Chemist: 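Quick one: this structure, given as structure tokens, is what I'll be asking you about.
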Amino acid sequence: MIHHQKVIFLALAVGLAGCASVPDSASLDKFTADIVKASFRDEGIVKASVLDADETNRLCSEADVAGKPLDDATAKRVEALNLKTVKAPPNGKYLGDWKEGEKIAQNGRGLTYTDSAKTVNGGNCYNCHKIDQKEISFGTIGPSLHNYGKLRGVADPSSAEAKPVVEYTWGKIWNSKAYNACSNMPRAGHMGILNAAQIADVMALLLDPKSPVNQ
Amino acid sequence: MQTRRNALKHTAVVAGLLASTGLFPQFAFAFNKSAFDAKSVADALKALGASGALTESKDVSVTAPDIAENGSVVPVGVATTLAGVKTLLIMVEKNPATLTALFNVTESVEPAFQARVKMGQSSDVYAIAIMNDGKVLFAKKEVKVTLGGCGG
Amino acid sequence: MRIANKLVVAAVLASSGMVVWAQKNAAVQAIEEYRAMLQDGNPADLFEAKGEGLWKQKRGPKNATLEQCDLGKGPGVVKGVFVELPRFFADTGRVQDLESRLLTCMDTLQGLDAAAIAKTSFGKGEQVNMTALATWIAAESKGMKFALPQAHVKEKTFYEVGKRLFFQRAGPHDFSCASCHGEDDKRIRLQDLPNLTNNPGDGVGVAAWPAYRVSNGQMWGMQQRLNDCYRQQRFPYPGFGSDATIALGVYLGVNSQGSASVAPAIKR
Amino acid sequence: MADPMRIRAQAAGDKATVRVLMAHEMEGGQRKDASGSIVPAWYIQEVTATHNGKPVLTAEWGPAVSKNPFLQFVVKGAKAGDKIGVNWKDNRGDTRSDEATVS
């Protein structure tokens, strides 16, 4: 009898301690969203609304939490969605000045809550990629881009043979998710991080045969 | 433009002021502003009144990393195995002001000091020993300063 | 002739590859040497000493010390608490990390205004004292292994929320914590990036903070570490001691179970 | 008032290694603040060390010594129980003195 009471008491205590079991996945998603809403606030140039994920980010985040990649059909759909956003250079010029491109690749500034609206955004490229060999401070999150144009046989970026590589590279920088649904790489053009002229300069860094990248 | 004579006069005044405060009379010594404002190794030595020819010596050593991950904190050690050293200096050639630290050596301490300095860019770092006999000996080492982190 | 050419090319490529490899290693080695030179003489010691003084100092409208503060192992117990935080506290009904718990104690014991302190920028006013306190308290658990309690349902729930936050891709750059900390052996510039989805090991990740940052000469607690990660992710401002930062702390802390804390560390 | 220094002095043989950390901004006078004006230089200029009250070292520093400075030196003839004192003075005239016992 006494023993039985103890068991009931214990069960009650567990119940009182907070519903005993962890909520299901959908409730956790909802709870997380509520916590995000309550935890983050506007600061400087960054509005809390930048946390409202688009479909690409929502699907990729969910896949990351689940620990398995998007299924092929969804990945293809996401890539198609992103490919549609790619805008060709307004003046038709895919390549700018590689020297300017190097500066953009080095620059990791812009769009944080401590930056001003006037801050010129950088490309953050060296954070993740090896590019010009001379820069020893490079990241390894992305693949090496050293000899990018040379390895792809680009002798003349304006030639017909080079066109597919040039257009792919433009598209990859403009919206990386057009080619890899859940790529770690930002969508520089699509999200307005870099403008078309800046992207053309980065293109030149990668593809201009005179760029140190292709030496 | 400050002449050397003015600098000396200035130094004497400061020393007098310090001594007169009586707070740490035994420590009273003058901060040599003109030496710390100098823009080159030669000018800094001149301001310190070290007139001997600057000579490289294997008996003087400078320890510093080959690459500093951050220029804000670069560990530098200066030392000499020679007796009769009056002053040990740390200089960073390409800093806005070259002379960074000066240690007056006494009989009671070893002529070996470690400190940390700021470097605006890659540069030679000098350890310089001013000897009691007026000789000026040095060792130098190039330290590369890299850009770390994601700040750009 | 053709084959000979190819061989030459191959040999040249191989040798230039070797040179690059050797250079890379020299750079990494040199950086390691640099970091080792900084270990002896960590300015975090200055903050640790200040924090210990603050713990025992009568302050605030109630003119009281923090010595009766319960950081999870009973009032006044400091040793070992750091490696068990964040945890659930019955008196507040919340999961709290070290800094949010200190806020509670500063408020209830000393009568200081917790909300005002939470709103204060890092490195200003009472936040300076907060960092010093966190540094000392963390240092009192140096060498101990992380053992966050996960018995309470809220602790388990916060782990799951933290995991979702870790993988949340957002902002103009689509970054999540996992963009940088989701794989082994990656670097950003020359900085090694621990994989925080697993146990990164002794003294890595959460086991290294609070830390003194040589780049700006500042002492950072975990709240500031997370805040600046979010800043660089181009996220908005995570409130000091907000549930998002605490849930992330639970996720990272539980992933590090069994790893030894080296805090306070010295970092780039 | 400036925060205390941390002084560690450890005897080995007939000498003691002294490691000092000083809490100081060491503002270089080159940096601009948010409003674009130069932050004036503010740095430790003079450092003195004593062994049982007797001066053993004087040093002069410029603004390029790192923030929260670290200094290491070796005092000859210092043994366990001896006192090592350190005093600094900055360009604003602020000073701080602390003492440690050789262990």
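A note on names: the letters A, B, ... follow the listed sequences, proteins ahead of strands, and every chain is numbered from 1. Predicted model only: the values in this text are computed from it and were never measured.
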Chemist: Working note: C:Val214 + C:Leu38, criterion side chain to side chain contact (heavy atoms under 4.5 Å, CB included); need CA distance, chi angles, decisive distance, verdict.
Modeler: CA-CA 9 Å; C:Val214 300; C:Leu38 292 180; 3.9 Å; yes
Chemist: Taking 4.0 angstrom as the limit, do A:Asp54 and A:Arg58 come out as a salt bridge?
Modeler: no
Chemist: Could you go step by step and tell me if A:Met203 and A:Leu206 meet the side chain to side chain contact (heavy atoms under 4.5 Å, CB included) rule?
Modeler: CA-CA 5 Å; A:Met203 288 282 290; A:Leu206 297 177; 5.8 Å; no
Chemist: Please report the interatomic distance CD(A:Gln133) to NE2(A:His146), rounded to the nearest 0.5 Å.
Modeler: 3.5 Å
Chemist: Is the ring pair C:Tyr237/A:Tyr113 parallel, tilted or perpendicular, if the boundaries are 30 and 60 degrees?
Modeler: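 Tilted, since the angle between the ring planes falls between 30° and 60°.
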Chemist: Measuring heavy-atom distances to chain A, does C:Asn227 have an atom under 4.5 Å in its side chain, in its backbone, in both, or in neither?
Modeler: both
Chemist: Pick one of side chain, backbone, both or neither for C:Gln233, based on which atoms fall under 4.5 Å of a heavy atom in chain A.
Modeler: neither
Chemist: Quick check: do C:Thr120 and C:Glu126 have side-chain heavy atoms less than 4.5 Å from each other?
Modeler: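 No - every pair of side-chain heavy atoms lies 4.5 Å or more apart.
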Chemist: Are there residues of residues 36-47 of chain A whose heavy atoms fall under 4.5 Å of chain C's heavy atoms? If so, which?
Modeler: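 At a heavy-atom separation under 4.5 Å, chain C is reached by A:Val36, A:Ser39, A:Phe40, A:Arg41, A:Glu43, A:Val46, A:Lys47.
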Chemist: Taking heavy atoms only and a threshold strictly under 4.5 Å, list by residue number the residues of residues 61-88 of chain A that touch chain C; give 'none' if the list is empty.
Modeler: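 Under the 4.5 Å heavy-atom cut-off, A:Ser61, A:Asp64, A:Val65 qualify.
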Chemist: Chain A heavy atoms under 4.5 Å from C:Ile31: which part of the residue, side chain, backbone, both or neither?
Modeler: neither
Chemist: For chain A, find its close neighbours in residues 170-179 of chain C: heavy-atom separation under 4.5 Å, sorted by number, or none.
Modeler: C:Ala170, C:Gly171, C:Pro172, C:His173, C:Asp174, C:Phe175, C:Ser179
Chemist: Counting a contact as any heavy-atom pair under 4.5 Å apart, which residues of residues 159-169 of chain C contact chain A?
Modeler: C:Glu160, C:Val161, C:Lys163, C:Arg164, C:Leu165, C:Phe167, C:Gln168, C:Arg169
Chemist: Is it the case that C:Tyr34 and C:Gln29 place a side-chain donor and acceptor less than 3.5 Å from each other?
Modeler: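 Side chains of C:Tyr34 and C:Gln29: no pair found under 3.5 Å.
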Chemist: Below 4.5 Å, heavy-atom pairs only: which of A:Cys60, A:Ser27, A:Ala53, A:Cys128 has the largest tally toward chain C?
Modeler: A:Cys60
Chemist: Quick one: what part of C:Phe240 sits under 4.5 Å from any heavy atom of chain A, side chain, backbone, both or neither?
Modeler: neither
